[in-house]
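Every number for a ligand or one of its atoms is a count from 1 in the order of the listing.
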Amino acid sequence: MARRVHNFFAGPAALPCEVVKKAAEMGVLEFDGQGMSVMEISHRSKPFDKMFKNTQNNMLKIMGLNPDEYAVLFVGGGASSQFFHIPFNFLKEGMTADYVNTGVWSKKAIKEAEYFGKVNVAASSEDKLFSYIPKEFNLTPGAAYVHTTSNNTIYGTEMWNFPETGDVPHICDMSSDFLSHPMDFSKFSMIYAGAQKNIGPAGAVAVVIKKSYADQAREDIPTMVNYRTHIAKDSLFNTPPSLPVFVIGLVMEWILENGGLEGIAAINRKKADLLYGTMDNSNGYYIPHVQDVASRSFMNVTFRLPSEELEKKFIAEGTEKDLLGLKGHRSVGGCRASTYNAVSYESVSALVDFMKDFKAKN
Ligand SMILES: *Cc1c(COP(=O)(O)O)cnc(C)c1O
């Protein structure tokens with residue numbers, strides 16, 4: 001295996017070492033004994049179809065969802081395109097959509113929905129620089145849907161308790177914590193996630209959608225944005241992002257081999273405890289952006305040092321030690337360590353050792 005750094009980038013982000021290796025050998029060099037790579041084979045061929053369906057089925061298996069009820073779509077355009085696909089399909093004339101505003105990505109989703117209809121911001125944490133998850137939601141009875149963002153990649157909050165939406169369909173952007181812990185996925189009518197944070201490479205978005213909900217979508221919309229188009233063809237209406245889906249398939253197998261979501265969540269908790277624990281015991285040297293413990297993300301850990309100068313030094317010295325991607329997003333500054341599923345406990349442990357050493361010397 002080639003040299004591997006400790007990768008704390010927010011996205012594209014770390015993939016499991018075994019997956020990268022398998023992707024090279026089984027996908028890029030030669031796919032399924034076909035004498036060509038997965039990048040070169042027809043998406044209408046049998047070996048490709050088998051791999052594709054296997055990936056969809058394994059994803060549903062991990063989520064505990066029934067394939068008769070839910071469809072898995074792999075589409076392009078990034079999670080950002082879903083921001084307008086969703087209201088295009090579901091925010092019908094005269095209806096209101098409820099959005100929970102927990103950060104930059106929620107705001108972008110709201111902006112797109114406003115092109116199509118009325119948006120009610122059911123709750124917002126903007127008053128405190130998105131450092132917590134709201135607990136009260138002002139939901140609209142009979143809304144088209146409620147839209148939430150389960151993990152706020154930039155600010156480092158995670159929604160551990162979702163609003164109860166009753167009969168109103170719940171749609172969630174899970175881009176940055178998708179498949180990081182067990183949850184009742186059947187509460188959602190639609191879940192979507194850009195692959196490049198937690199489940200694969202950039203270029204594919206996973207859309208897990210309840211078929212009965214898709215049936216309620218508008219029909220008078222362009223073919224490619226209509227979810228029904230893709231459901232009817234098992235996500236092979238047009239050429240799918242084939243290499244990304246292949247790698248997502250390997251990640252699904254990796255999750256299953258590691259005890260499913262229970263197993264993955266146990267490691268994620270250990271990593272988060274170690275990292276937040278180190279900061280909370282640093283006598284205020286490392287200051288987590290998210291002081292509300294119940295809102296803390298296990299995937300993106302944001303923090304400040306006593307000065308911007310020290311932050312710069314911290315990031316530079318970390319880079320020298322192969323601890324990469326520790327710079328915070330430009331909109332909040334400070335530091336951020338993204339600790340997605342594929343970031344090992346060893347990597348977090350190496351980061352914590354560096355943090356202790358840096359504090360002692362500075
Ligand atoms: C990164 C991210 C997006 C945008 O994803 P793209 O695939 O780059 O469009 C949307 N939502 C969340 C929560 C994200 O972290």
Side-chain angles (χ1 to χ4, degrees), residues 7-15 73-88 97 99-113 115 123-126 129-134 145-160 162 170-181 183 185 188 190-209 224-225 240-241 243-245 247-248 251 268 289-290 295-302 325 327-332 336-343:
N7 185 344
F8 297 103
F9 279 103
L15 284 166
L73 313 176
F74 293 116
V75 294
S80 300
S81 291
Q82 295 303 311
F83 294 164
F84 80 86
H85 287 198
I86 291 162
F88 212 161
Y99 277 74
V100 178
N101 179 17
T102 48
V104 167
W105 298 112
S106 306
K107 276 176 105 163
K108 290 189 176 180
I110 290 167
K111 177 173 178 251
E112 299 305 295
Y115 286 110
S124 171
S125 52
E126 196 163 12
L129 207 71
F130 297 115
S131 60
Y132 69 101
I133 298 289
Y145 55 83
V146 177
H147 182 281
T148 55
T149 311
S150 57
N151 186 76
N152 299 283
T153 327
I154 292 171
Y155 296 95
T157 57
E158 193 162 2
M159 203 173 246
W160 296 100
F162 291 87
H170 190 164
I171 298 179
C172 188
D173 174 359
M174 293 197 187
S175 291
S176 51
D177 69 346
F178 188 42
L179 307 184
S180 65
H181 61 93
M183 59 197 286
F185 292 100
F188 299 90
M190 176 178 156
I191 291 159
Y192 64 103
Q196 72 276 17
K197 307 281 166 59
N198 211 24
I199 61 157
V205 185
V207 174
V208 182
I209 186 166
M224 278 297 286
V225 290
L243 182 62
V245 173
V247 181
I248 293 169
V251 172
N268 284 337
H289 174 62
V290 183
S295 297
R296 282 180 176 172
S297 170
F298 283 17
M299 298 281 102
N300 308 99
V301 180
T302 48
K327 194 173 188 309
H329 189 273
R330 60 194 179 281
S331 61
V332 274
R336 169 176 58 181
S338 295
T339 52
Y340 297 119
N341 287 355
V343 176

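- The closest protein non-hydrogen atom to atom 9 (O) of ligand 1 is S80 OG, 2.6 Å.
- Nearest protein heavy-atom contact of atom 4 (C) of ligand 1 is W105 CZ3, 3.4 Å.
- Of all the listed residues (D173, D177, T153), T153 holds the heavy atom that lies closest to atom 15 (O) of ligand 1.
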Would you list the atom pairs, donor with acceptor, under 3.5 Å between side chains in residues 78-85 and any protein atom, with sequence neighbours excluded?
from: S81; atom 1: OG; to: G77; atom 2: O; distance (Å): 2.7
from: Q82; atom 1: OE1; to: Y227; atom 2: OH; distance (Å): 2.5

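- Heavy atoms of V205 stay at 4.0 angstrom or farther from ligand 1.
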Where do S331 and I154 land on the side chain to side chain contact (heavy atoms under 4.5 Å, CB included) test, with the steps shown first? CA-CA 8 Å; S331 61; I154 292 171; 3.6 Å; yes
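- Of the protein's non-hydrogen atoms, the one nearest atom 5 (O) of ligand 1 is A79 CB, 3.5 Å.
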Give the C-alpha distance, both sets of side-chain angles, the deciding distance and a yes or no for side chain to side chain contact (heavy atoms under 4.5 Å, CB included) between M174 and N151. CA-CA 6 Å; M174 293 197 187; N151 186 76; over 6 Å; no
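- The aromatic rings of Y99 and H147 sit parallel, their planes meeting at an angle under 30°, below the 60° perpendicular limit.
- Residue, atom and distance of the protein heavy atom nearest to atom 14 (C) of ligand 1 are K197 NZ, 2.9 Å.
- Near N151, meaning under 4.0 Å from any of its heavy atoms, are these atoms of ligand 1: 13 (C).
- Distance alone, capped at 3.5 Å, is enough to place a donor-acceptor pair between the N268 side chain and the S180 backbone.
- Here F83 has side-chain heavy atoms under 4.0 Å from ligand 1, and that is the only part of it that gets that close.
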Could you walk me through whether S106 and N152 pass side chain to side chain contact (heavy atoms under 4.5 Å, CB included), step by step? CA-CA 8 Å; S106 306; N152 299 283; 4.1 Å; yes
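- For atom 8 (O) of ligand 1, the nearest protein heavy atom (residue, atom name, distance) is Q196 NE2, 3.3 Å.
- With ring centers used as reference points, W160 lies under 6.0 Å from F298.
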